[in-house]
There are 2 protein chains.
Amino acid sequence: MPVTKMKATIRSVAIDLFYRKGYFATSISDIARGSGIQKASIYYHYVSKEELLFSILESTMDDLTDYVRENLNRVRDVEERLRVAVRSHVRFHLTRQRENFIANSELRGLSEPNYRAIVRMRDAYEGIFQDLIRQGIDDGVFAVVDVKILSYAILTLCTAGASWFKPEGRLSVDEIAAIYENFIVSGLKREDETISTLSRAASGGIFFP
Amino acid sequence: MPVTKMKATIRSVAIDLFYRKGYFATSISDIARGSGIQKASIYYHYVSKEELLFSILESTMDDLTDYVRENLNRVRDVEERLRVAVRSHVRFHLTRQRENFIANSELRGLSEPNYRAIVRMRDAYEGIFQDLIRQGIDDGVFAVVDVKILSYAILTLCTAGASWFKPEGRLSVDEIAAIYENFIVSGLKREDETISTLSRAASGGIFFP
DNA sequence: GTCTATACGATGATAGAC
DNA sequence: GTCTATCATCGTATAGAC
């Protein structure tokens with residue numbers, strides 16, 4: 001569906017401000033000023049500030065999920081599939097940095113029904129990674145690990161890039177993706193020695209520090 | 001220095017509200033209500049809402065740094081030192097969950113000078129982990145990796161626990177710490193095969209997906 | 001579609017009595 | 001130390017003219 005020019009402008013100004021100042025700290029006046037119109041005019045395009053936030057989050061989640069799914073369709077090998085998923089996730093987050101940063105920090109701006117909608121999308125997305133890890137374990141490629149915890153860990157660490165990445169910085173998107181990808185895969189492919197430390201701890205025999 | 005009872009109450013109510021609703025969404029009235037006093041009385045104890053936030057962030061960072069440093073003092077072996085650092089970080093974040101969550105999400109509530117003060121503390125803290133990783137590489141225990149990127153990755157993934165951890169949940173603090181610890185150490189100790197993938201990618205010969 | 005004008009509530013913070 | 005009362009400002013959102 002086609003979007004009017006001004007509606008797109010408002011959206012992009014909002015993304016920029018939500019990213020830089022945060023959703024609550026950004027006022028409708030700020031967005032209007034950035035868009036070159038009066039604040040009342042914003043309401044012709046969006047019914048509320050929250051709807052503006054929600055539309056950003058929703059389409060970001062949609063695009064992310066589509067992008068990763070599409071790339072996964074081209075590969076069969078489990079390890080390579082996880083690598084592709086990680087690489088896709090990182091690429092998406094670093095090239096659409098601001099939207100993704102918002103999607104990961106401004107969920108609190110949503111009312112219950114909208115909040116639930118985004119969380120459902122996020123859960124489905126996480127499921128992709130959980131399935132991949134489980135598959136890898138079943139195939140004996142990855143060590144036996146806690147699938148949920150590790151899927152959160154993996155996604156969080158890749159997502160974090162969106163908060164500090166600078167396009168003109170030392171490393172390119174693909175270099176960062178490769179660093180993450182290798183760290184993650186070798187973290188999952190652990191050897192017996194390490195596993196035994198895990199189960200020792202997990203079964204209660206903890207020593208600390 | 002001793003803190004009056006009401007000052008401590010206000011602080012703890014604020015931590016709870018900042019964690020649940022966010023700094024901007026929490027009003028002085030909310031905090032006053034939770035503390036059982038009138039909102040004007042808050043200003044007898046804290047000069048501003050921001051000072052309240054800052055004092056929470058500052059002491060959290062202080063305590064975290066002290067805690068990790070103290071635990072590190074008891075160990076010499078590099079790999080074991082990294083393990084101790086990770087374990088300490090996770091323990092601290094999961095037992096003082098709300099403060100840490102705030103410390104990682106509400107920096108935007110600070111004015112420039114306060115912001116800079118906290119960032120300086122955070123940089124110093126990250127330095128501990130960067131030194132450990134560098135040491136491990138120098139000693140040949142860890143593979144050659146990008147120290148900065150991986151220190152961010154490691155800290156972020158451990159910190160993330162503070163956003164979903166539930167004390168009454170399936171896993172204990174120590175179990176989660178052990179999972180992270182093993183994942184991280186085996187991620188750092190990668191083998192040659194993986195390293196070559198990295199340098200292939202890092203040197204520009206990227207294939208995608 | 002965009003404007004001006006405005007309703008209306010909430011906010012952080014202060015003054016001064018007790 | 002805590003209270004009541006109040007200020008000044010800013011927020012989202014609406015009404016209605018053009």
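Numbered from 1 within each chain, the chains take letters A, B, ... in sequence-line order. Source: prediction; values computed, not measured.
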N/O to N/O distances under 3.5 Å, protein versus nucleotides 9-15 of chain C:
residue	atom	partner	partner atom	Å
C:dG12	OP1	B:Lys49	NZ	3.0
C:dG12	OP2	B:Ile28	N	2.9
C:dA13	OP2	B:Tyr43	OH	3.1
C:dA13	OP2	B:Lys49	N	3.0
C:dA13	N6	B:Lys39	NZ	3.4

List for me each residue that meets side chain to side chain contact (heavy atoms under 4.5 Å, CB included) alongside [X], sequence neighbours excluded, and say none if there are none.
| X | answer |
| --- | --- |
| B:Thr9 | B:Met6, B:Val13, B:Ser35 |
| A:Pro113 | A:Ser111 |
| B:Arg98 | B:Ile15, B:Asp16, B:Tyr19 |

Margin query: A:Phe18: which residues meet the ring-ring contact (aromatic ring centres under 6.0 Å, His included) condition with it, sequence neighbours left out?
Written below: A:Tyr23
Item checked: Qualifying residues under ring-ring contact (aromatic ring centres under 6.0 Å, His included), relative to B:Tyr152, sequence neighbours excluded -> A:Trp164
Note to self: Can you pull out the residues from residues 51-60 of chain A that lie within a 4.0 Å heavy-atom distance of DNA chain C?
What the structure shows: none
Show me the side-chain donor-acceptor pairs of residues 115-132 of chain A shorter than 3.5 Å, one per line, residues at least two apart or across chains.
residue	atom	partner	partner atom	Å
A:Arg116	NH1	A:Glu112	OE1	2.7
A:Tyr125	OH	A:His89	ND1	2.6
A:Gln130	NE2	A:Ser151	OG	3.0

Check: Is there a donor-acceptor pair closer than 3.5 Å between any side-chain N or O of B:Glu175 and the backbone N or O of B:Ser172?
Finding: yes
Margin query: Test: ring pair (Phe, Tyr, Trp, His ring centres under 6.0 Å). Region: residues 35-62 of chain B. Which pairs qualify, not counting sequence neighbours?
Written below: none
Next item on the list: Give every residue pair that meets the salt bridge (Lys or Arg N to Asp or Glu O under 4.0 Å) criterion with at least one member in residues 42-68 of chain A, sequence neighbours excluded.
Entry: A:Asp63-A:Arg96
Check: Of all residues at least two apart in sequence or in a different chain, which pass the salt bridge (charged side-chain N to carboxylate O under 4.0 Å, His left out) check with B:Lys21?
Finding: B:Asp30
Margin query: I'd like the 5' and 3' limits of the part of DNA chain D contacted by chain A, with heavy-atom contacts below 4.0 Å.
Written below: D:dG11 to D:dA15
